[in-house]
Structures are given as C-alpha cells and as structure tokens.
Protein chains: 2
Amino acid sequence: MYTAGRTAELTGVPRETLRKWEQRYGVVQPTRSEGNYRLYDDEAVRRLAAMRDLVDSGWSPRDAARHVLDEPATATVAGLEAPGGSPHEELDELAAAGEDFDVVRVEDLLDKAFAEADLATTVDEWLLPSLVRLGEAWQRGAVSVAGEHFVSAAVVRRISHAFQQLPHAPAGAPRVMVGLVRGSRHELGVLAFALVMRSRGMDVAYLGADLPVEAWVDTARTLQPAAVVLSAPTVEDLPAVREAAQAIAPHAPVFLGGAQQHRVDGAEPLGHRIGEAAAELAARLGDGG
Amino acid sequence: MYTAGRTAELTGVPRETLRKWEQRYGVVQPTRSEGNYRLYDDEAVRRLAAMRDLVDSGWSPRDAARHVLDEPATATVAGLEAPGGSPHEELDELAAAGEDFDVVRVEDLLDKAFAEADLATTVDEWLLPSLVRLGEAWQRGAVSVAGEHFVSAAVVRRISHAFQQLPHAPAGAPRVMVGLVRGSRHELGVLAFALVMRSRGMDVAYLGADLPVEAWVDTARTLQPAAVVLSAPTVEDLPAVREAAQAIAPHAPVFLGGAQQHRVDGAEPLGHRIGEAAAELAARLGDGG
DNA sequence: CAACGGTGGACAAACTGTGGACAAGCCCAA
DNA sequence: TTGGGCTTGTCCACAGTTTGTCCACCGTTG
C-alpha cells in the first residue's frame with residue numbers, strides 16, 4: 001500500500017491530479033488509513049500509470065479513464081507481457097541445463113553463443129530472449145528457483161568474462177558511466193549494455209548496482225562522461241531514477257533502459273533491444289555527437 | 001541479544017526512533033532484562049534493518065512496518081560491516097585507481113595479481129586485504145561510494161573471468177554447492193571461494209545470492225553434493241543462515257564463511273582465509289573424506 | 001559515581017485531506 | 001470570429017495526521 005505522495009512519485013501524476021481523477025472519474029478507490037489518508041494498492045498504481053500513459057499520448061482524461069476502467073485488472077509481471085498465447089512446451093536449452101545444474105552444458109551454450117560475430121545481435125536475439133523464457137519457465141514452475149539462480153549466475157559470469165576479455169578503450173575514447181541507482185539490483189541488463197559499449201570501443205566505467213544519487217552526481221561532475229546510462233526496470237525504481245536523472249542532467253546527458261524507461265523526464269529512452277541500443281549510442285558518441 | 005544502544009548501532013536507527021517504531025507499529029517486541037532493559041535478538045535486528053532500508057528508499061514508516069511484518073521473507077539491502085580499526089594512512093593502489101575511475105589501471109592491477117602462481121595465496125594475501133583497505137578508506141572518506149563500487153564491480157568481473165577460464169571439473173569430481181541465503185548479497189567472498197574450489201578441480205555449482213532456504217534444501221536433496229558452502233557476512237544474515245544450515249544438514253555437510261561464521265551451530269566454520277579454506281576443503285573432499 | 005536505559009510527554013517539520021478558486025484549452029453555436 | 005460553457009490541471013488556505021527528535025525525571029549496571 002502506498003501513500004498519496006509515494007503514489008504520485010510512482011505514477012508521475014501530481015497528488016492533486018490523483019485526487020481529481022479519483023473524484024471525477026473514479027479510476028481508483030483507495031482505501032483509507034485510520035487518519036483518513038488514502039492508501040493505494042499495486043492495482044491502483046497500475047491503473048493510474050496506464051491512464052497517465054493514455055493521457056500523455058493524447059487521449060482525453062475522460063476517455064482514458066473509461067478505457068482503464070473497462071480493462072480487466074491485470075496482474076503485473078515485472079513489466080513483461082505474456083507471450084502471444086503459445087505455451088512453450090519444450091524447455092529452452094538453457095533452462096533445461098539449469099534445471100540439471102549442468103555446469104558444463106550451461107557454460108558450453110554460453111560459449112557457443114558468445115562466439116558469434118556480432119555481440120549486439122547475440123545479446124538481443126539469443127541471450128535476453130532465453131532469459132525471458134527462463135523467467136517464464138520459472139513462473140509456471142517448470143524450473144526451480146535454484147535452477148534459475150544457477151543460470152543467472154552463469155550468465156552474469158559469462159558477460160563479465162566477455163567484458164574482461166575485450167581490449168581497453170583507446171585513449172580519448174568517449175567515456176560512458178553505466179550502473180543502477182540506489183535500491184535497484186537488476187544488473188544483467190546494464191551489464192550486457194556495458195559489454196556491448198566496450199566492444200564498440202567506448203571507455204566504459206561500470207559502477208554496479210545500488211549506487212546513491214549523490215555518488216552519481218559527484219562522479220559525473222568529476223569524470224565528465226559523454227553519457228550516463230541508467231536503468232528503470234520496475235515501477236519501484238522510478239522515484240530514485242527520476243531523482244538521479246534530474247540531478248545528473250546538468251553534468252552529462254542521461255540515457256535510460258529498462259521496462260519503465262519512458263516514464264522518466266529528462267532522460268532519453270534507449271529502447272528495449274539492449275545490444276542494438278548500445279551499438280547505436282556508441283556510434284553516436286564516437287561520431288562526436 | 002543486544003541492548004538498545006548496540007541495536008541502534010547495528011541498525012543505524014537512533015534509540016528513540018527504535019522505541020517509537022516498537023510502540024507505534026510493533027515491528028519488534030524485544031524481551032526485557034531483569035532491570036527492564038530491552039533485549040533485541042537477531043531477528044529483531046534483521047527486521048529493523050529491513051525497515052530502515054525501506055524508509056530510506058522512500059516508504060512511509062507505517063507501510064514499511066506493515067511490509068516487514070507481513071513478509072519476514074523480505075530481502076534486506078546494504079549490510080553493516082564492523083571496521084577493523086587500523087587506519088592505514090597511504091591509500092592502497094587499488095583504492096587510488098578506483099578513486100580516479102581508471103579502468104585500465106584497476107584491471108592491470110587485477111591482471112597482475114591473478115597472474116600469480118597460487119590463486120589461493122593471491123586471494124588471501126592481496127585481493128581480500130586490498131578490499132578491506134578499500135572499505136576502510138571508504139569509511140574514513142578517503143574514497144567515494146562510487147569509487148568503491150567501481151573497484152568492487154571490477155573485482156567481481158575479474159573473479160568471474162578467472163572462474164570462467166578454468167577448465168571444467170573432470171567427471172566424478174566432488175560436487176560443491178556455493179552461494180548465499182535469502183537476504184544476503186555480499187557475493188564477493190563466496191565467489192572467490194567458488195573460484196579457488198574450481199581451480200582445485202571441484203565441480204562447483206554456484207547458486208548466487210539471495211536464495212531461499214527451501215531452494216537450498218530441494219537442490220541439496222537433488223544434487224547430493226559433497227559439501228554446501230554458505231556465508232554469514234553480517235549479523236542481519238544470521239537468522240536466515242541458521243535456518244538454512246539446520247535444514248540442509250540432513251542432506252549434506254554444511255560449511256560456513258563470513259564474519260559471523262562462528263555464531264551458527266551445525267555448520268563447520270571455514271575460517272577467514274578464503275583461498276586457504278577453499279584449498280583445504282577441496283583437498284579434504286578430493287581425498288574422499 | 002558515570003554511563004546507560006525506560007517512560008511519557010512535548011514539539012516541529014513534513015505530509016495529507018477538503019473544498020473551492022482559477023486559468024488555460026477545447027467545443028460549439030451565433 | 002466571438003463568446004459562453006465545459007473540461008482539466010494546478011494552486012491555495014486551513015485543519016488534522018504522522019513521525020523523528022528532544023527533554024526531564026528516575027531506575028539499572030558495573
């Protein structure tokens with residue numbers, strides 16, 4: 001349950017507007033605390049965010065509200081849409097190897113994939129889809145928590161390995177800061193992004209997960225990077241990401257990945273194809289603008 | 001059991017606030033000493049730390065309390081380390097390179113270190129002491145949060161890289177499960193441990209951080225490993241580690257690393273020299289005992 | 001005795017609710 | 001084009017709520 005202020009942060013809709021939307025259209029009916037404070041649940045946040053998206057894209061608030069109310073309540077699943085209805089019967093190779101805890105097979109699969117010529121394509125076409133299918137398999141109980149952890153750990157190791165093997169950026173290469181804000185821990189995406197960036201000759205400073213805003217600002221001021229790349233994987237990350245983006249903006253251009261990337265002002269969204277986005281950004285910076 | 005002042009230290013929450021959180025939300029119900037002093041146990045400390053993390057990241061205290069009470073499973077965020085106490089005046093090479101965000105220098109230092117003949121010695125004599133000094137430098141403000149993150153990320157990458165480069169274990173090699181329990185996130189130590197174990201020919205299944213107890217038990221039952229290695233880095237981790245150790249024990253021998261390793265019954269402490277401990281355990285398992 | 005802890009109350013600062021005001025934008029008839 | 005009416009986001013004043021910190025007074029510990 002979230003208070004009014006927090007809900008405003010999460011959805012990007014001002015408190016007052018939130019109240020008006022409730023009074024005028026009844027998009028949400030928050031319960032009340034003892035002290036008569038509004039308490040919004042996850043479903044309310046989802047609806048408000050959906051309505052905000054519609055309004056932003058030109059719908060009239062009244063229509064947007066009607067549309068949101070007509071939609072059945074959806075259980076949000078980490079920002080990922082359910083696949084087009086085809087229940088994958090056979091397990092992904094990677095997931096199967098993970099469920100057997102077969103170190104050799106998992107690492108062989110990853111080795112083979114990373115031997116491909118184009119890193120960006122490998123990441124977008126094979127690695128990330130495989131991980132999405134792994135997540136789906138885990139959700140429907142086809143893969144255990146431990147199996148999922150086992151594969152994820154192997155993937156992170158493999159990306160780190162690839163990152164390490166790449167030659168260092170030449171002197172004078174554009175510098176890019178990559179990492180996650182405080183509270184955020186989904187390293188896989190940013191790590192893959194950092195990998196592709198380095199493969200394109202960028203000077204990547206990878207700062208890891210859970211870094212406070214002040215640290216981002218101080219470092220950006222010191223390093224004067226050509227770009228700062230963050231990720232907004234979940235709604236919960238939004239307040240911290242917004243705060244960071246705003247604070248960093250005066251010192252360096254901010255780019256954003258992750259499912260919630262379009263919900264942050266002042267940061268340029270990079271899209272959802274990590275490898276492609278990294279390659280593009282690298283080309284742009286390498287060309288001097 | 002901890003007194004009010006000690007608990008305030010451990011959790012970073014002032015004594016008075018601790019009391020208010022107890023009175024207002026009932027997050028904890030410390031037992032009392034003869035003289036009516038509050039006595040907090042490990043679980044209380046864990047909850048308070050979890051609540052503090054939520055509040056720090058923007059939750060209202062009331063919501064945070066409800067969350068902590070609803071879901072004792074909630075993962076905690078940053079841990080608290082006890083400082084060593086010896087103030088090294090000159091900065092460590094690694095720390096200095098980290099403060100300048102000098103990718104090349106940090107990776108060169110790590111490369112050189114890992115080129116040493118004996119991996120276990122490198123880990124114990126250079127890597128971990130360097131990281132301890134880095135932590136000290138950070139605590140006395142000589143290194144920024146970002147600098148510390150930067151170096152840590154590079155170290156994790158380098159260990160992953162080394163792990164990846166090692167040949168796979170031969171068929172029939174003793175299998176060892178390595179990882180962290182639910183709520184625990186200090187991967188560095190267990191990762192280094194896994195690295196040395198693999199270098200000694202063990203079949204290491206690295207399961208990563210934040211794995212729930214049930215997953216450990218199920219997996220141990222399936223894999224029948226020769227050993228399960230966990231870590232208890234902070235006080236906050238103790239309850240979960242104790243639970244896991246007790247649950248896994250019937251299926252496989254449990255070994256323990258980390259600062260709090262001696263405070264868990266039913267798990268054999270491995271000592272604080274990670275590389276040495278891993279080499280020893282490997283020798284022991286390899287000899288069939 | 002000094003340091004520490006418990007209790008209850010006080011308090012300021014931040015947050016929230018309510019109802020209404022209001023300006024800007026839009027639609028539509030004149 | 002003009003003007004009235006409607007919609008919609010924002011702002012405001014006033015009152016109530018929540019929350020971290022401070023304090024005085026007294027008991028406990030070593």
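Remember, it's a predicted structure, so these values are computed and weren't measured experimentally. Naming convention: chains lettered A, B, ... in sequence-line order (proteins, then strands); numbering from 1 in each chain. Computed from heavy atoms alone, side chains included, the values below leave out hydrogens, waters and symmetry copies.
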Ignoring the backbone of A:Tyr37, work out which of D:dG27, D:dG16, C:dG20 is nearest its side chain. D:dG16
Nucleotide nearest A:Val55 when distance is taken to its side chain, options D:dG9, C:dT18, C:dG5: D:dG9
Nearest whole angstrom, please: distance from the P of C:dG5 to the OH of B:Tyr2. 15 Å
Could you tell me whether the side chains of A:Gln29 and A:Tyr40 share a donor-acceptor contact shorter than 3.5 Å? no
B:Arg62 side-chain N/O to D:dT19 phosphate OP1/OP2 under 4.0 Å: yes
Counting N and O atoms only, with roles assigned by atom type, does the side chain of B:Thr17 sit under 3.5 Å from a partner on the main chain of B:Val13, one being a donor and the other an acceptor? no
Phosphate oxygens OP1/OP2 of D:dT19: is one of them under 4.0 Å from a side-chain N or O of B:Thr17? no
Here the distance between atom P of C:dC26 and atom CH2 of A:Trp59, to the nearest Å, is 19 Å
Residue-phosphate contact under 4.0 Å: B:Trp21 side-chain N/O, D:dG20 OP1/OP2: yes
Mind calculating the distance between NZ (A:Lys20) and C1' (D:dT7) to the nearest angstrom? 12 Å
Between P on D:dT19 and CG on B:Leu18, what's the gap in Å once rounded to a whole number? 16 Å
It should be established whether A:Arg38 places a side-chain nitrogen or oxygen under 4.0 Å from OP1 or OP2 of nucleotide C:dG17. yes
Tell me: CZ of A:Arg24 to C1' of D:dG9, nearest whole Å? 7 Å
So, does B:Thr3 get its side chain near the phosphate of C:dG5, meaning an N or O under 4.0 Å from OP1 or OP2? yes
To the nearest 0.5 Å, tell me how far B:Leu54 CG sits from B:Asp63 CG. 9.5 Å
What integer distance in Å separates B:Asn36:CG from D:dG27:P? 13 Å
Is A:Arg15 close enough to C:dG17 that one of its side-chain N or O atoms is under 4.0 Å from OP1 or OP2 there? yes
Between D:dT10, D:dT8, D:dT19, spot the one nearest the side chain of B:Tyr25, thanks. D:dT19
Any B:Arg52 side-chain N or O less than 4.0 Å from OP1/OP2 of D:dG20: no
